[in-house]
Amino acid sequence: MENKFKYSLDNKRYHTWNYHLQQKFGEKVFKVALNAGFTCPNIDGTRGRGGCTYCSGSGSGDFAGDPAHSILTQFEEVKARMHLKWSSAKYIPYFQAHTNTYAPAYVLRERFEPVLNQEGVVGISIATRADCLEEDVLEYLEELNMRTYLIVELGLQTIFDETGNKINRCHTYAEFLEGYEKLSSRGINVCVHLIDGLPGETAGMMVESAKAVAALKPHCVKLHLLHILKNTKIADQYENGDFRLLTLEEYVDIIVRQLEVFPEETVIQRLTGDGGRDTLIGPLWSLKKFVVLNEIDKLMVKRDTYQGAKYKSLNIVQ
């Protein structure tokens with residue numbers, strides 16, 4: 001069946017991150033995940049305690065650098081590991097662990113600027129929360145955006161505040177929209193994170209979250225699968241039988257339905273997630289990442305659908 005999706009070099013029916021980077025920079029680019037030693041407002045007591053229920057002690061930075069090492073040392077170590085897979089590439093330092101704008105702008109400068117000057121660096125990606133964007137930070141981000149390819153990654157996870165309360169997110173959907181507007185009004189690229197399979201959510205709710213994000217026309221999105229990791233609060237809830245995990249078939253169906261509602265210009269940075277083999281409780285099928293991606297491709301072909309197929313019909317075009 002012919003693939004008519006235009007943002008593709010490898011017969012994918014969605015706008016892949018690899019395609020975007022190849023088009024923008026003309027060669028392979030990979031992220032170098034770093035841990036700058038920040039914390040979060042729902043860990044230190046400002047908004048809550050304990051962090052999000054699914055979050056590991058590394059603050060979702062399980063594959064980032066060692067925080068005991070300097071940023072530049074982490075950069076060299078992680079870059080070397082990535083080069084085992086790709087011998088030649090450019091780099092985007094990815095400040096991944098915890099909330100990377102949860103400090104005054106002068107602290108962010110101290111952490112971010114050293115890697116921006118490294119050979120082969122073509123941009124920077126900063127993971128944060130929408131309620132951690134003070135004015136001095138926004139001014140610095142605006143400056144960064146004029147100097148390099150900047151993406152600010154906002155963890156939304158769900159538009160449903162009831163779910164947010166269950167996972168101890170400690171900010172509302174309204175606060176997310178406010179933070180998103182602060183960034184987008186300054187012309188800053190935003191990548192929005194959603195998690196599928198959160199406790200109590202139906203497939204319909206997950207698609208509704210995707211529709212709401214699609215209406216914002218973000219630069220990028222990451223669609224994650226909920227991972228249950230050892231030594232997390234959500235692991236206790238799962239083992240108590242408070243909720244069940246998605247099957248592979250359910251997840252693939254949800255992802256395809258979500259892709260259909262995003263505008264085709266939105267870059268899809270991720271369609272699954274990584275859980276360490278030593279720490280992952282479930283779903284264990286997620287360890288076979290290429291199987292998951294292949295099943296998504298197969299279902300899109302079977303349904304003869306593609307990213308954006310239902311976007312215009314939803315009357316969410318702005």
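Just so you know, these numbers use all the heavy atoms, side chains as well, and skip hydrogens, waters and symmetry mates.
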**Student:** Against the six-membered ring of F176, is R169 placed for a cation-pi contact (under 6.0 Å from the centre, within 45° of the normal)?
**Tutor:**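 So R169 doesn't make the cation-pi contact.
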**Student:** So does A105 get a backbone contact from the side chain of R109, meaning a donor-acceptor N/O pair under 3.5 Å?
**Tutor:** no
**Student:** D297 pairs by salt bridge (charged side-chain N to carboxylate O under 4.0 Å, His left out) with which of K12, K302, R13?
**Tutor:**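 For D297, the salt bridge (charged side-chain N to carboxylate O under 4.0 Å, His left out) check succeeds only for K12.
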**Student:** So, Q269 versus K31: side-chain donor-acceptor pair below 3.5 Å or not?
**Tutor:**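 Indeed, the side chains of Q269 and K31 share at least one donor-acceptor pair under 3.5 Å.
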**Student:** Between Y102 and H98, is the gap from one ring center to the other below 6.0 Å?
**Tutor:**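 They do not qualify: ring centres at least 6.0 Å apart.
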**Student:** Can you run down the ring-ring contact (aromatic ring centres under 6.0 Å, His included) pairs that involve residues 283-308, sequence neighbours left out, and say none if there aren't any?
**Tutor:** Y251-W285
**Student:** Using a distance-only test with no angle check, is there a side-chain donor-acceptor pair under 3.5 angstrom linking H69 and E77?
**Tutor:** yes
**Student:** Are a donor atom and an acceptor atom from the side chains of H193 and Q157 found within less than 3.5 Å of each other?
**Tutor:**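 No, Q157 and H193 have no side-chain donor paired with an acceptor closer than 3.5 Å.
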**Student:** Ignoring hydrogens and angles, state whether a donor on the side chain of E153 or T128 is under 3.5 Å from an acceptor on the partner side chain.
**Tutor:**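 Short answer, no.
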**Student:** Answer whether the closest heavy-atom distance between the side chains of V152 and C191 falls below 4.5 Å.
**Tutor:** no
**Student:** Would you please indicate if the ring centroids of F95 and F112 are separated by under 6.0 Å?
**Tutor:**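 Yes, ring centres under 6.0 Å apart.
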**Student:** Return yes if some donor-acceptor pair links the side-chain N/O of N100 with the main-chain N/O of I126 below 3.5 Å, else return no.
**Tutor:**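 Judged by distance alone, no pair lies under 3.5 Å.
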**Student:** Assess the pair Y91 and F30: is the distance between their ring centroids shorter than 6.0 Å?
**Tutor:** yes
**Student:** Verify, without hydrogens or angle tests, whether R129 (side chain) and C170 (backbone) share a donor-acceptor contact under 3.5 angstrom.
**Tutor:**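 Checking the backbone N and O of C170 against the side chain of R129, a donor-acceptor pair under 3.5 Å is found.
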**Student:** What I want to check is whether the side chains of H15 and H20 have a donor and an acceptor closer together than 3.5 Å.
**Tutor:** no
**Student:** Going only through I, L, V, M, F, W and Y residues with side-chain contacts under 4.5 Å, is there a path from L216 to I151?
**Tutor:**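 Shared cluster, no.
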**Student:** Side-chain contact, heavy-atom cut-off 4.5 Å: Y173 with I159?
**Tutor:**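 The answer is yes; the side chains approach within 4.5 Å.
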**Student:** Is K24 positioned over the aromatic face of Y149, cation under 6.0 angstrom from the ring centre and no more than 45 degrees off axis?
**Tutor:**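 Geometry flag: set, cation within 6.0 Å and 45°.
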